[in-house]
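Everything on this sheet refers to the single structure shown next.
Note that the structure is predicted; figures quoted are calculated from it, not measured. All values below were derived from every heavy atom in this structure, side-chain atoms included, with hydrogens, water molecules and symmetry-related copies excluded.
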Amino acid sequence: MTAHSTDPKHHTAHSLKERMYVVIFESDTKMGLLFDRVLIYAILLSVLVVVLDSVASISKQFHGELVTLEWMFTILFSIEYIARLYCAKYRWRYATSFYGVIDFLAVVPTYLALLFPELHALIDVRVLRLIRMFRIFKLTAYISEYQHLAEALTASRRKILVFLSVVLMVVTVMGSIMYVVEGPSNGFTSIPIAVYWAITTMTTVGFGDITPHTDLGKLISSAMMLMGWGTLAVPTGIVTAEFAHRRNQEFVAKKTCDACYTDGHETTNQYCRHCGTRFPTPEN
C-alpha cells in the first residue's frame, strides 16, 4: 500500500503558501489588488521620507519622526521580501531577478547602517540613503503600463542603437570640424572637447562654457541646433510607434464577453471565464 500524508498541518501549510502566492504575486483577485495598492502607497511614502530626510531644515526638526517612519517602512518591506521568498515557486530565480534585487535593496541599507556604524569611515551615509531610492523601481512590478513601455523599448532597441550610432558619427565629424575651424584659442583645445560641445549643442542644452567665435563656427553651430530639434524627435517616434503597435496587437488578440463585458480573454478561449457564456465561432 502506498502511504498518503494525512497530516492536517502539512495540508494547512501548503494551502497557506498557495493563498499567499495568489495574494502577493497575482493582482487579479480582490486581496491581491489590495495588497498591490498598499505597497504602492508604502513605496511612495517611503521615498518621500528619504527625500524629506535629505533637507537639512526638515531633518533637524523632525529627525526622530523620520527615523521612526523609515524603520516602519523597512520592517514592512522586510516582511514582504521574506513572504515573497517563502511562497515563490522558484526562490533563487526570484531572488536573483530584477524585482528580487530591487526588493532586497529596499531593505538592506537601513540594516547595514545599524549593523556596521563604522561604514561612515569608508562610505558616506548619503550613499546608503540613495540606495533606498531604488524602492521606487518596485512600482514597475504593479503598474502594467511600465511593462508595456519596457516591451516597446526592447522591441525597438535595434532601431534606437542604429539611431544613436548615426548621432555619434555626426557629433564626431562636426566636433572635428569645429576643432579645425575654431582652434584652441577659442576653447576647442582637443577633439574630445569639441565632440563634447557638439553633443551639448545637438541636444539643445548648450552649457555656454564653450562657444564659437568665428562666423563659420557660428553658422555650423546654428545648423547643429536646428538639427538637434529633429534628432530628438526620432527616438520618441520610434518608441511611440512600437508602443501603439503593441497596444493594437493586444487589443486585437483579446476577446471581450458580450454578456458581462469581461475583457482579457485569449483568442483560444471558447467560454467566458467570468460568466461562462460561450463565445461566437468565427463563422458566426
**Message:** Applying side chain to side chain contact (heavy atoms under 4.5 Å, CB included) to I160 and R157, what does each step give before you reach the verdict?
**Reply:** CA-CA 5 Å; I160 294 177; R157 64 184 183 277; 5.6 Å; no
**Prompt:** Would you say the side-chain atoms of T74 pair up with the backbone N or O of E70, donor to acceptor, closer than 3.5 Å?
**Reply:** yes
**Request:** Consider only side-chain heavy atoms of I, L, V, M, F, W and Y, link residues closer than 4.5 Å, and tell whether M20 and L76 are in one cluster.
**Result:** no
**Prompt:** Roughly how far, to the nearest 0.5 Å, is the NZ atom of K218 from the CE atom of M225?
**Reply:** 11.0 Å
**Message:** Which heavy atom of F188 sits nearest to which heavy atom of Y179, and what is that distance?
**Reply:** O-CD1, 3.3 Å
**Message:** I need the minimum non-hydrogen distance between L45 and F73, along with the two atoms involved.
**Reply:** CB-CZ, 3.5 Å
**Request:** Provide the closest heavy-atom pair for T214 versus N186 in the form atom of the first, atom of the second, distance.
**Result:** CG2-ND2, 4.1 Å
**Prompt:** How about S97 and R93: does a side-chain donor come under 3.5 Å of a side-chain acceptor?
**Reply:** no
**Message:** Ignoring hydrogens, what is the shortest heavy-atom contact between V107 and S78? Give both atom names and the distance.
**Reply:** CG1-N, 3.5 Å
**Message:** Rounded to the nearest 0.5 Å, what separates atom CD1 in I24 from atom CE in M31?
**Reply:** 10.5 Å
**Message:** Quick check: closest heavy atoms across A95 and L85, and the distance to 0.1 Å?
**Reply:** CB-CD2, 4.1 Å
**Asked** What's the spacing between I177 CD1 and E182 CD if we round to 0.5 Å?
**Response** 12.5 Å
**Prompt:** Is F104 atom CZ crowded by more than 12 heavy atoms from other residues, nucleotides or ligands, each under 6.0 Å away?
**Reply:** no
**Message:** Rounded to the nearest 0.5 Å, what separates atom CE in M174 from atom CE in M227?
**Reply:** 6.0 Å
**Asked** Between the main-chain N or O of G217 and the side-chain N or O of S221, is there a donor-acceptor pair closer than 3.5 Å?
**Response** no
**Prompt:** Are V167 and V162 connected, step by step, through hydrophobic side chains (Ile, Leu, Val, Met, Phe, Trp, Tyr) whose heavy atoms are closer than 4.5 Å?
**Reply:** no
**Item:** Parallel, tilted or perpendicular: ring planes of Y111 versus W71, cut at 30 and 60 degrees
**Value:** perpendicular
**Hydrophobic cluster membership, I82 vs Y94, 4.5 Å side-chain cutoff** = no
**Asked** From R91 CZ over to T96 OG1, what is the distance, rounded to the nearest 0.5 angstrom?
**Response** 14.0 Å
**Prompt:** Can you get from M169 to L161 by hopping between Ile, Leu, Val, Met, Phe, Trp and Tyr side chains that sit under 4.5 Å apart?
**Reply:** no
**Item:** OG-OH distance between S46 and Y41, expressed to the nearest 0.5 angstrom
**Value:** 14.5 Å
Contacts table for residues 189-199: side-chain donor-acceptor under 3.5 angstrom, sequence neighbours left out:
residue, atom, partner, partner atom, Å
S190, OG, I193, N, 3.4
Y196, OH, D209, OD2, 2.9
W197, NE1, T201, OG1, 3.4

**Prompt:** Hey, mind stepping through L164 and L168 against side chain to side chain contact (heavy atoms under 4.5 Å, CB included) and telling me if it holds?
**Reply:** CA-CA 6 Å; L164 291 178; L168 181 61; over 6 Å; no
